[in-house]
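The figures here come from the full heavy-atom set of this structure, side chains too, leaving out hydrogens, waters and symmetry mates. Residue numbers run from 1 in the order of the sequence given.
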Amino acid sequence: MRRRTQVAIVGAGPAGLLLANVLIAAGVDCVVVEHRSREHVQTRARAGFLEQRTVDCLRRHGLCAGLDAAAARHVRCEFRSERRSFVVDYGELAGGRAHWVYPQQLLVRDLVQSLVSRGGDVRFSHAVERVEGVDSDAPLLVCRSAAGETLEISCEIVAGCDGARGISCQALAGGGAQAIERRYPFGWLTVLAEADPPPAHIVYAMHADGFAAHVPRTPEVSRFYLQCAAGDTASDWPAERVWAQLRRRLSPHGAAELTPGRILEQGVLAMRSSVTAPMQHGRLYLAGDAAHVLTPCGAKGMNLAIADADALARSLVARLRDGDGEQLDGYGARRLPDVWRSQEFSDWLLHLLHEPLAGTAVDYERRLRAARLEQLEHSPSFAQTFARRYVG
Ligand code: FAD
């Protein structure tokens with residue numbers, strides 16, 4: 001089967017779906033090709049913290065109805081250690097800006113529904129096997145459905161929104177793009193579970209056994225993170241060990257103890273960050289995790305993905321509808337400073353929260369961490385800078 005379109009979008013994550021919604025609303029034809037089923041992408045739990053700018057962007061494009069009905073506004077976070085605990089009211093410090101807690105799978109569901117109702121063409125259960133001809137005027141996606149049928153999509157532009165392990169980034173490497181990467185010497189066990197009590201705000205705990213976090217998702221379900229050894233697998237963490245370590249790290253000096261609940265999902269994240277540049281070559285443009293991966297620390301990944309998609313959508317509409325190609329030429333270069341600011345913040349927070357590993361000047365690192373925490377608690381200007389960068 002063949003299909004011709006203006007923009008072929010690889011991947012129906014937040015980046016690809018936001019892009020498609022904006023293009024369709026502006027009268028630019030596009031097709032989204034997604035490897036997984038609709039059911040799979042609408043139930044895949046990952047992110048949950050939306051920055052204020054992300055919500056502003058969704059509202060601008062009329063994509064906020066689900067979020068307005070169900071998202072919770074969050075403006076505080078707590079830092080807990082064996083010595084002291086304090087709460088940062090980052091909403092107030094950032095002049096009233098806030099995070100909105102709304103599970104990624106619900107946002108994806110909303111974006112799919114909206115796209116379908118706007119007449120958008122999404123091909124679920126189709127994998128893009130090859131991206132060809134991005135140096136020519138007529139790029140081609142070669143796709144295969146789960147039933148084994150071939151679909152070829154010829155287009156003017158390819159948008160690579162296929163996440164961290166996608167095919168688009170490899171196609172870009174052919175044009176000389178390079179990934180700059182950092183791997184951290186520890187992992188994060190990530191657990192989605194019912195929790196009692198639910199947190200009033202995000203809790204970051206710093207403990208001699210390692211970092212832990214309790215992150216709100218819905219009134220019943222929380223996400224937990226536990227610093228673990230690099231190379232650990234989920235089977236190294238039976239439920240009793242998970243709950244024992246969460247209680248130990250999250251409940252120093254009188255903080256309410258957690259009651260173990262049902263674990264819904266558990267896995268180990270290899271902690272790595274990377275940025276691919278340039279983010280474009282020929283007629284191929286990357287957005288979201290396809291171009292840059294962050295650790296979940298600081299909750300920046302999905303927010304950056306949506307900011308990329310918004311900027312790419314604007315540039316594509318200028319080129320394909322209004323005949324102005326200048327914005328599109330500068331798309332990647334305009335996005336990279338924001339990408340690197342987010343990378344820097346995420347790395348800074350990671351270093352603040354993590355127990356230094358043996359052999360890394362442990363005492364020195366611990367004292368640096370204490371100095372940073374002391375400023376966060378007592379220096380209004382330091383706390384304000386943190387707040388503005390955290391909330392986005
Ligand atoms: P993705 O969501 O990865 O979407 C890419 C899509 O492309 C996928 O659906 C995939 O199936 C599809 N695809 C891949 N290859 C192909 C192919 N060959 N053909 C067709 N389709 C293909 N970020 C935040 O901002 N805040 C948070 O609180 C946060 N918490 C997180 C917690 C966890 C545990 C994890 C894992 C991540 C978290 N993130 C968070 C990061 C966030 O989930 C990602 O940054 C976000 O999903 C990126 O969106 P994307 O659209 O770029 O890519």
Side-chain angles (χ1 to χ4, degrees), residues 7 9-23 30 32-36 41-42 44-61 63-64 66-67 71 99-112 114-115 122 158-169 172 177 179 269 272-280 284-316 331-332 334-346 390-392:
V7 183
I9 301 172
V10 191
L17 291 168
L18 187 284
L19 176 62
N21 268 284
V22 180
L23 292 180
C30 62
V32 183
V33 184
E34 168 58 50
H35 175 43
R36 304 289 194 164
V41 299
Q42 292 187 168
R44 185 172 49 192
R46 293 165 92 184
F49 264 61
L50 272 63
E51 295 178 351
Q52 182 76 53
R53 65 170 172 162
T54 303
V55 175
D56 294 345
C57 166
L58 293 166
R59 181 152 290 121
R60 211 168 48 245
H61 295 300
L63 297 167
C64 244
L67 193 142
H99 276 130
W100 297 85
V101 180
Y102 193 56
Q104 177 168 336
Q105 66 273 25
L106 299 187
L107 180 63
V108 164
R109 180 205 60 191
D110 297 349
L111 292 174
V112 171
S114 158
L115 186 57
V122 199
V158 178
C161 304
D162 45 349
R165 287 175 198 81
I167 196 171
S168 308
C169 195
L172 201 76
L269 293 176
R272 72 176 183 106
S273 301
S274 79
V275 177
T276 297
M279 286 169 63
Q280 61 195 73
L284 171 62
Y285 298 81
L286 300 190
D289 280 15
H292 36 71
V293 178
L294 290 103
T295 72
C297 194
K300 295 289 176 192
M302 181 168 68
N303 293 288
L304 267 189
I306 288 179
D308 282 354
D310 189 33
L312 183 56
R314 225 172 306 126
S315 305
L316 286 172
Y331 157 74
R334 275 199 321 282
R335 289 298 308 139
L336 281 170
D338 184 22
V339 170
W340 278 110
R341 278 193 298 274
S342 296
Q343 290 277 353
E344 195 278 329
F345 179 79
S346 182
Y390 186 47
V391 80

Side chains of [X] and [Y]: does their closest heavy-atom pair fall under 4.5 Å?
X	Y	value
N21	L115	yes
R335	M279	yes
L17	V41	no
V158	Y285	no
L50	I306	no
L58	D110	no
V108	V112	yes

Testing I9, D308, L18, V32 for side-chain contact (heavy atoms from CB on, under 4.5 Å) with C161, which one passes? I9

Lys/Arg N to Asp/Glu carboxylate O, D338 vs R53, below 4.0 Å: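 A salt bridge is present here (some side-chain N lies under 4.0 Å from a carboxylate O).
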
Working to the nearest 0.5 angstrom, can you tell me the gap between [X] [atom1] and [Y] [atom2]?
X	Y	atom1	atom2	result
Y390	K300	OH	NZ	8.5 Å
L172	L286	CG	CG	4.5 Å
T54	Q52	OG1	CD	9.0 Å
S342	E51	OG	CD	6.5 Å
Q104	L111	CD	CG	10.0 Å
L19	R314	CG	CZ	12.0 Å

If you look at every heavy atom in [X] and [Y], which pair is closest and at what distance?
X	Y	value
C169	A290	SG-O, 3.5 Å
G160	L284	N-CD1, 4.1 Å
A47	M302	CB-CE, 3.8 Å
L107	Y102	N-CE2, 3.7 Å
D289	G301	OD1-O, 4.3 Å
S315	R334	OG-NH2, 3.2 Å

Counting distance only, does the side-chain N/O of [X] pair as donor-acceptor with the main-chain N or O of [Y] below 3.5 Å?
X	Y	value
S346	C297	yes
N303	F49	yes
Q343	V293	yes

Walk me through whether D162 and I167 qualify under side chain to side chain contact (heavy atoms under 4.5 Å, CB included). CA-CA 7 Å; D162 45 349; I167 196 171; 3.5 Å; yes

Side chains of D310 and H61: donor-acceptor distance under 3.5 Å anywhere?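 On atom types as modelled, these side chains qualify, holding a pair under 3.5 Å.
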
